[in-house]
Every structure is written in structure tokens, then in C-alpha cells.
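What you see is a predicted model; the values in this text were computed from it and never measured. Letters A, B, ... are given to chains in the order of the sequence lines, protein chains preceding strands, and every chain is numbered from 1.
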Amino acid sequence: MTAGVDRGHPQAQAIRSDEDVVRVRQLVRTVAVAVRLSLVDQTKLVTAASELARNTLVYGGGGTAEVSTVDNGLRRGVRIVFADDGPGIADLDLALTDGYTTGGGLGLGLSGARRLVDEFDIDTGPERGTRITVTKWSR
Amino acid sequence: MERVPVLKIGDILLVSIQVDMSDQTAVQLQEDLAERIVATGCHGVIIDITALAIVDSFVGRMLSTIASISRVLDAETVVVGMRPAVAITLVELGLSLEGIRTALNVERGMELIAATRDDDHGYDDADEPGDQSTDTR
Ligand SMILES: Nc1ncnc2c1ncn2[C@@H]1O[C@H](COP(=O)(O)OP(=O)(O)OP(=O)(O)O)[C@@H](O)[C@H]1O
Ligand SMILES: [Mg+2]
């Protein structure tokens, strides 16, 4: 975690259906526009959020996305925390490999999302579910 | 659930995606298109994604699947109107959009489909097993 980061008031979105995944995308876009991310960075962040929200729904059995603005004194950014109480990710290295899937997907969600953001942090385990924090900073 | 409309214009089915699709809507579109290709006998499908702000792995996979299904049903699919920011993001995500043909806009997409059909069926409509030279793909 970056020290001295001011967090704005977070907005939470429950993820229980694929309509909620659409809502997460819309919420993230609104906040990304508000902190003036470039169009390309908005697109990257919303795409990453879409992947992570879908994983939260499909593998985590549902959960939440919490979106907030961050400010480190130099730049502003958007931070999103995806959390679920699902089974956790058994082999994280494997799950972060391009093409690895246990669900018949393309296996690009996690690894691709990590490439699309500036900061990516995972906390996962069988007893505590999965919590993924991503941040995208304005340039 | 919202449904994406499929329009028939001459020999072409035009799909203009105007909403942020849920996964279910995307799967429904796949099925609707397959049915419409068979029902209409159309030989071309144009999917206009000008209004799509993002293409993630699910929608990307849907586009690839539609292209494969339509090929099996003797139709060509062209995706048109991809935004530059979407293209940049897709590459970084690692999505290759396998088997998908793209064009700048609907007009170019129609030209591409017409040209492809001419290549395939240009001489006489009989299939000539010995002559592969006209197949430029
Ligand atoms: N929240 C989660 N809880 C438990 N397991 C997860 C979670 N997120 C991802 N995984 C595991 O990590 C694997 C890789 O995820 P990733 O998103 O990269 O691929 P995918 O969802 O299978 O396919 P794609 O996203 O390309 O359609 C998943 O198949 C799943 O086993
Ligand atoms: Mg995924």
C-alpha cells in the first residue's frame, strides 16, 4: 500500500448477477471520468473491472466492488476493491498465467486485468475468499 | 434482459450494438444471429461496435464465436467501428480476436463482404475442387 494516499468516499456495488457486472462497469467509468483519466486509461480500467467483477460473480459466488478516488499529492487515481467469500484461488501463480482457466474461459481475465492497471494486489485463501485491489493513476 | 436487434439489409444482417451488454444479452445475440442467418439465407453479417466503450474477454469471445458460427452457416462476419482505445486495450488484455475480420465502418464492411463473396463464387457458381487459386484467404 502506498503511504500518504488520501481516499475519497468509496462507492460500493454488489455483484450478484451479470446485470451487476454491467453496473460495476458503469460506476467505474463515472469515477474514472471524474478523476480525469485519459480515454485510453478509462477504457483499460473499465475493461479490467469487467474481468474482475465477472470472476467475483462466477468463481467467488458473488461479492462486492468498492470504488474510490485516491490522491497521493501528485496524482489522482481510481482504486477498486473486489471482494468475495468464495473458495479462494488455490494456485495463484497458475491463475495469473495467460490462458489458465478452470471455467472454460480464455484464461485472460486475471492476467490481462493485471496488465491493464498500475497497481494490482491479491489476497486470497480458502478461509478468507478473494480480495483484489487495483489502482489506475492519472498521468 | 435487453435484446440487441438484428436488421436485414439486402443480403446482409446488420447488428449495431448500442447498449452495454450483460453476458446473457451477448449469448442471446449469438443465438439470435445463428437463427437469422439460417432463416434469411444471408451471406454476410456486420457487427457495428462503434458505440461499445469496451470489449472485454467475454464480448471478444462472443465475436469470435459468431464469426465461427456464421462461417459454418456459409456467411462472412465483419466487425466494424472498433474505437482506437478499445483496440489498444484488447491487445494489452491479450485477446487476439481470432478469425475475426474487421473494417473501419459499415460501408467498408459491406465492400469487404461483397469482395469475399466474389472471390469465392466469381467464375461460375459450381465448386471447382482443383482450382484453389481464387481463394485468397
Ligand atoms: N474470485 C475468484 N475466486 C476463486 N477463483 C478465482 C477467482 N478469480 C479467478 N479465479 C480462478 O482463476 C482462474 C483464472 O481466471 P481468469 O479470469 O484469468 O480466467 P477465466 O475467468 O477462467 O477466463 P476468462 O476471464 O478469460 O473468460 C479462473 O479459472 C479461476 O479458477
Ligand atoms: Mg475471468
Which region of Arg29(A), side chain (C-beta onward) or backbone (N, CA, C, O), has a non-hydrogen atom less than 4.5 Å from a non-hydrogen atom of chain B, or is it both or neither? side chain
Just checking, is any N or O donor in the side chain of Ser138(A) or Arg36(A) under 3.5 Å from an acceptor N or O on the other one? no
Give, as side chain, backbone, both or neither, the part of Ala113(A) having an atom under 4.5 angstrom from any heavy atom of chain B. backbone
Could you tell me if Ser22(B) and Gln24(B) have a donor-acceptor pair between their side chains, going purely by distance under 3.5 Å? no
Segment of Val21(A) engaging chain B (4.5 angstrom heavy-atom cut-off): neither
Starting from Val80(B), can I reach Leu112(B) by hopping between I/L/V/M/F/W/Y residues whose side chains sit under 4.5 Å apart? yes
Examine whether an atom of Leu90(B) lies under 4.5 Å from a heavy atom of chain A, and if so say whether it belongs to the side chain, the backbone or both; otherwise answer neither. neither
In terms of heavy-atom pairs under 4.5 Å, which option from Thr43(A), Asp20(A), Asp98(A), Leu106(A) contacts chain B the most? Thr43(A)
Keeping Arg115(A) on the side-chain end and Leu93(B) on the backbone end, is there a donor-acceptor pair under 3.5 Å? yes
Give, as side chain, backbone, both or neither, the part of Val55(B) having an atom under 4.5 angstrom from any heavy atom of chain A. backbone
Polar side-chain atom of Arg114(A) near backbone of Leu96(A) as donor-acceptor pair, under 3.5 Å: no
